[in-house]
K.L.:
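Sharing a structure with you now.
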Amino acid sequence: MATGQTNRTSIRALQVIIFGLTFIVLGRVFYLQIVEYDVYAALGQENSVRQEYIDPARGLIYDRNARLIVDNEPIFSITITPSLFDKSNISLLSSILNIPDSLLASRVQEAQNYSWHRTSRLFTEIDFSTFSAIQENLWRLPGIGHQIESKRHYPTEMKASHLLGYLREANENEYQQLSTLRLGDKVGKSGLEMIYQDTLRGKMGINYLRVNALGQALGNFEDSTLTRTPVQGADIITTLDTDLQIFAEKLMEGKRGAVIAMNPNTGAILAMVSSPSYDLDRLAGRLDLDYWQAINADSTSTLYNRAISSRQPPGSTFKPLMGIIGLHLGIITPETQVYNSGAYIRGRAYRDLADVGEYDLEKAITFSSNTYFLSLMDKIATSGKLNEWSDLIKDFGLGVPSAVDLPNANSGIIPDSTYLNNRFGDRYWGLGDVLNFGIGQGMISVSPIQIAQMTSTIANGGYEIRPHLVQGIKDPNGRLTNFEPERKKIDWVKDEYLDVIKSGMRGVVVEGSGRWYANHQNIDIAGKTGTAQNPHGLDHGWFTSFAPIDNPEIVVTAFVENAGFASRSAAPIASLIIEKYFMGEISRNWIYEHVINFEPIDPEANNNLNIPLDE
């Protein structure tokens with residue numbers, strides 16, 4: 001009796017347990033199917049629906065005349081979803097792609113490390129026959145997909161490699177820091193492509209496809225509310241003049257240096273060349289590794305933008321600014337006379353290659369008298385005005401960060417007492433360390449874009465301007481937003497200062513060292529030659545200029561490394577660019593041939609051209 005009762009009790013307990021478990025399971029089913037339907041329905045769809053990202057069309061780049069200079073052309077890419085890919089298919093896929101198994105395995109692992117479930121690019125810029133072979137074998141390759149993308153295309157003869165910049169795949173740090181980037185996405189790594197990356201890139205789209213158990217697409221998923229249409233990037237309108245840029249690039253072929261042509265009233269850059277340059281076509285799409293390694297190893301630093309990053313003494317191109325500061329500080333007047341005996345004596349002799357005689361400010365600029373400006377710097381330093389001198393120079397854009405819309409612009413160096421104390425130690429420097437500042441030598445260093453900015457301020461009546469390459473942005477709806485040029489009057493710069501400086505710079509072209517190659521009978525060009533001393537070979541040549549003198553429309557600064565005479569190397573380049581800008585064509589073919597076939601001459605070894613040695 002007791003045993004039967006015990007059995008019945010055990011059965012009832014078991015029934016209660018079963019009933020309880022059934023209730024829990026049904027309750028859970030109710031919760032999942034009814035209460036949490038929205039959440040788990042979406043998760044369920046992921047098992048049969050594949051999410052694909054659609055890259056937006058990158059924004060286009062135009063020149064100032066609405067001429068297209070950068071657009072996009074289609075390329076084919078292979079993608080992978082690691083969770084769906086069977087690694088036993090690596091040999092099959094590598095044979096279709098005609099690549100080593102090890103390379104493919106490495107790329108698969110990279111995609112897997114990035115995300116197990118998200119689709120990533122495996123290879124880009126696949127040729128059409130390979131792309132077709134992949135399509136034909138998709139049924140054998142679950143997890144492998146394909147898409148049509150684009151790469152940058154350059155439809156003109158213009159190189160402008162340091163200006164436009166190139167795209168490269170985002171590195172791990174970049175796509176981890178920015179959620180909108182995926183493995184294999186390309187971002188701007190230099191030039192305008194880098195500075196305006198967010199503007200040009202646009203917004204990614206998302207599409208949902210129905211897939212079968214093998215991951216093969218069966219068509220679009222019906223729920224269109226999940227789809228996000230890509231938004232193409234905005235176009236940028238540059239200040240570049242394509243024809244002038246191409247011409248400037250031609251003049252700089254075979255040389256090392258930089259040229260900047262800009263509007264002195266707005267700061268709009270019409271042309272900018274850093275030579276040597278590189279081929280953007282070979283960096284678009286799939287990276288040409290041999291070419292990339294070659295330009296990185298190039299001893300001429302091909303990737304280096306000399307126009308904004310070079311740091312060199314400005315030489316005599318600095319003398320006009322010295323004159324302006326001397327006038328402002330009241331140390332000189334336009335009529336102040338300084339006698340040049342052939343050298344300036346201050347502890348030692350500082351050589352002067354200008355003719356012996358008396359020099360006022362205008363004549364000292366025209367014939368580039370070192371004595372005049374060494375004497376001026378002497379008085380500035382001994383009167384305790386070195387720091388004031390440094391601050392005044394910085395108002396002209398030297399020794400301060402450049403606001404140009406390109407990466408890696410150099411600030412240069414305009415020393416003051418703090419800089420000298422840090423360099424030599426407190427009270428361990430003296431007049432001999434600063435005297436050469438007056439002729440743009442010593443520890444002073446600038447970039448070509450800074451000399452162009454300085455020259456613009458002289459040309460435009462004392463206004464500080466911001467050099468820039470982009471003048472407007474056009475959004476995907478066609479709305480154009482133009483940027484207002486930044487222009488600020490330097491309140492201490494007076495017209496009477498500038499009048500004498502401009503006359504002296506006009507004299508350089510008409511009477512001085514620029515008269516051989518810089519003068520043009522129909523264009524009133526003003527300019528200044530200069531030399532940057534170089535301990536490793538021939539000196540570097542400078543020429544900075546503007547035209548016409550009465551109502552300047554263009555500033556051109558040319559800098560040529562290891563060129564010897566600036567009047568033979570840099571001056572004719574700037575003069576031809578000015579002629580091209582105003583006339584549309586070149587009439588002085590002998591100067592053009594001279595530039596194209598230019599060979600440097602050692603000033604110390606050969607001065608039979610009767611050209612001042614310091615210029």
Side-chain angles (χ1 to χ4, degrees), residues 58-72 152 154-156 158-165 188 190-202 232-249 258-274 280 305 307-308 397 401-409 448-450 452-453 455-457 459-460 463-489 546 551-557 577-578 580-582:
R58 195 169 179 88
L60 309 181
I61 302 179
Y62 294 87
D63 80 351
R64 65 187 298 104
N65 299 310
R67 186 173 176 181
L68 184 63
I69 55 178
V70 182
D71 63 1
N72 304 305
R152 285 313 219 184
Y154 309 94
T156 72
M158 180 172 70
K159 295 179 180 176
S161 51
H162 296 90
L163 309 185
L164 301 175
S190 69
L192 296 178
E193 296 278 20
M194 177 179 177
I195 295 297
Y196 293 93
Q197 161 67 17
D198 292 341
T199 299
L200 290 166
R201 185 165 187 265
Q232 70 180 63
D235 300 336
I236 60 176
I237 315 301
T238 71
T239 59
L240 291 172
D241 182 315
T242 298
D243 291 336
L244 197 66
Q245 176 75 22
I246 293 171
F247 182 69
E249 290 172 353
V259 173
I260 295 102
M262 62 190 291
N263 184 322
N265 303 301
T266 65
I269 295 171
L270 306 172
M272 179 187 284
V273 178
S274 176
L280 285 175
N305 188 347
I308 64 171
S402 173
V404 65
D405 45 354
L406 285 173
N408 304 316
I449 189 69
Q450 290 177 315
Q453 185 172 353
T455 307
S456 293
T457 299
N460 67 25
Y463 287 86
E464 180 184 357
I465 47 89
R466 183 181 73 84
H468 60 280
L469 276 164
V470 172
Q471 65 182 14
I473 293 177
K474 185 167 65 174
D475 69 21
N477 296 317
R479 290 188 296 266
L480 179 63
T481 301
N482 287 314
F483 301 148
E484 288 297 322
E486 297 178 21
R487 180 179 165 97
K488 177 185 176 184
K489 183 70 169 73
F546 60 90
N551 187 24
E553 295 181 30
I554 188 172
V555 160
V556 180
T557 298
I577 291 172
I578 290 174
K580 176 73 172 177
Y581 176 79
F582 284 108

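Just so you know, these numbers come straight off a predicted model, no measurement behind them.
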K.L.:
With no hydrogens and no angle check, is any side-chain donor or acceptor of Asn305 less than 3.5 Å from a backbone partner on Ser161?
P.N.:
no
K.L.:
Could you tell me which non-hydrogen atom of Gln450 sits nearest to which non-hydrogen atom of Gly397, and how far apart they are?
P.N.:
NE2-O, 3.4 Å
K.L.:
Could you state the interatomic distance from CG (Asn263) to OG (Ser456), rounded to the nearest 0.5 Å?
P.N.:
8.0 Å
K.L.:
How would you list, by chain and number, every residue that makes a salt bridge (charged side-chain N to carboxylate O under 4.0 Å, His left out) with Arg67, sequence neighbours excluded?
P.N.:
Asp243
K.L.:
Within the distance-only criterion (no hydrogens, no angle test), does the side chain of Thr481 pair as donor or acceptor with the backbone N or O of Gly472 below 3.5 angstrom?
P.N.:
no
K.L.:
Taking 4.0 angstrom as the limit, do Glu464 and Lys489 come out as a salt bridge?
P.N.:
no
K.L.:
I need the Asn408 CG to Ser402 OG distance, nearest 0.5 Å.
P.N.:
11.5 Å
K.L.:
Using side-chain heavy atoms (C-beta onward) and a distance below 4.5 Å, is Lys580 in contact with Phe247?
P.N.:
yes
K.L.:
For a 4.5 angstrom cut-off between non-hydrogen side-chain atoms, does Ile577 reach Val259?
P.N.:
yes
K.L.:
Could you walk me through whether Leu469 and Leu192 satisfy the side chain to side chain contact (heavy atoms under 4.5 Å, CB included) test, starting with their C-alpha distance in whole Å, then the side-chain angles of each, then the deciding distance to 0.1 Å, before giving a yes or no?
P.N.:
CA-CA 8 Å; Leu469 276 164; Leu192 296 178; 4.1 Å; yes
K.L.:
Heavy atoms, side chains only, cut-off 4.5 Å: are Glu553 and Phe546 in contact?
P.N.:
no
K.L.:
Evaluate the side-chain hydrogen bond (donor to acceptor under 3.5 Å, both in side chains) criterion for residues Tyr196 and Asp405: first the C-alpha distance (whole Å), next the side-chain angles of each, then the deciding distance (0.1 Å), finally the verdict.
P.N.:
CA-CA 9 Å; Tyr196 293 93; Asp405 45 354; 2.8 Å; yes
K.L.:
Would you mind reporting whether Leu270 and Leu240 have side-chain heavy atoms less than 4.5 Å apart?
P.N.:
no
K.L.:
From His468 NE2 over to Leu406 CG, what is the distance, rounded to the nearest 0.5 angstrom?
P.N.:
12.0 Å
K.L.:
Using 0.5 Å steps for rounding, measure from the CD atom of Glu249 to the CE atom of Met272.
P.N.:
12.0 Å
K.L.:
For a quick test of reading the model, state the closest non-hydrogen atom pair linking Gln245 to Val273 and the distance between them.
P.N.:
NE2-CG2, 3.8 Å
K.L.:
Taking the side chain as C-beta and beyond, is there a heavy-atom pair between Ile269 and Ile449 under 4.5 Å?
P.N.:
yes
K.L.:
Using modelled atom types and a 3.5 Å cut-off, is there a donor and acceptor pairing between side-chain atoms of Asp235 and backbone atoms of Gly59?
P.N.:
no
K.L.:
Applying the side-chain contact (heavy atoms from CB on, under 4.5 Å) criterion to Ile69, which one of Leu60, Leu163, Asp63 satisfies it?
P.N.:
Asp63
K.L.:
Dump the intermediate steps for side chain to side chain contact (heavy atoms under 4.5 Å, CB included) on Ile308 and His162, then the final yes or no.
P.N.:
CA-CA 10 Å; Ile308 64 171; His162 296 90; over 6 Å; no
K.L.:
Between Phe582 and Ile554, is any pair of side-chain heavy atoms under 4.5 Å apart?
P.N.:
yes
K.L.:
Compare all side-chain heavy atoms of Val556 with those of Ile260 and state whether any distance is below 4.5 angstrom.
P.N.:
no
K.L.:
What's the shortest heavy-atom distance between Val555 and Ala452, and which atoms?
P.N.:
CG1-O, 3.8 Å
K.L.:
Which atom pair, heavy atoms only, marks the closest approach of Pro485 to Thr266?
P.N.:
CB-O, 3.7 Å
K.L.:
Under the salt bridge (charged side-chain N to carboxylate O under 4.0 Å, His left out) rule, collect the residues that match up with Arg466, sequence neighbours excluded.
P.N.:
Glu486
K.L.:
Which heavy atom of Ala459 sits nearest a heavy atom of Pro264, and at what distance?
P.N.:
CB-CB, 4.2 Å
K.L.:
Considering non-hydrogen atoms only, spot the tightest contact between Leu244 and Ala261 and give its length.
P.N.:
CD2-CB, 4.2 Å
K.L.:
Do Leu480 and Ile237 pass the side chain to side chain contact (heavy atoms under 4.5 Å, CB included) test, and can you show the C-alpha distance, the side-chain angles, and the key distance before you say yes or no?
P.N.:
CA-CA 9 Å; Leu480 179 63; Ile237 315 301; 4.0 Å; yes
K.L.:
Using the rule given for side-chain hydrogen bond (donor to acceptor under 3.5 Å, both in side chains), can you reason through Glu193 versus Gln197, listing the C-alpha separation, both sets of side-chain angles and the distance that settles it, and then say yes or no?
P.N.:
CA-CA 5 Å; Glu193 296 278 20; Gln197 161 67 17; over 6 Å; no
K.L.:
Rounded to the nearest 0.5 Å, what separation is found between the CZ atom of Arg64 and the CG atom of Asp241?
P.N.:
6.5 Å
K.L.:
Mind checking the CG-CD spacing from Asn482 to Gln471? Nearest 0.5 Å is all I need.
P.N.:
6.5 Å
K.L.:
Using a 4.5 Å cut-off on heavy atoms from C-beta on, say whether the side chain of Arg152 contacts that of Asn72.
P.N.:
yes
K.L.:
Hey, mind stepping through Tyr463 and Thr457 against side chain to side chain contact (heavy atoms under 4.5 Å, CB included) and telling me if it holds?
P.N.:
CA-CA 5 Å; Tyr463 287 86; Thr457 299; 5.8 Å; no
K.L.:
Looking at Tyr62, does the NZ or CZ of Lys474 lie under 6.0 angstrom from its six-membered ring centre and within 45 degrees of the ring axis?
P.N.:
yes
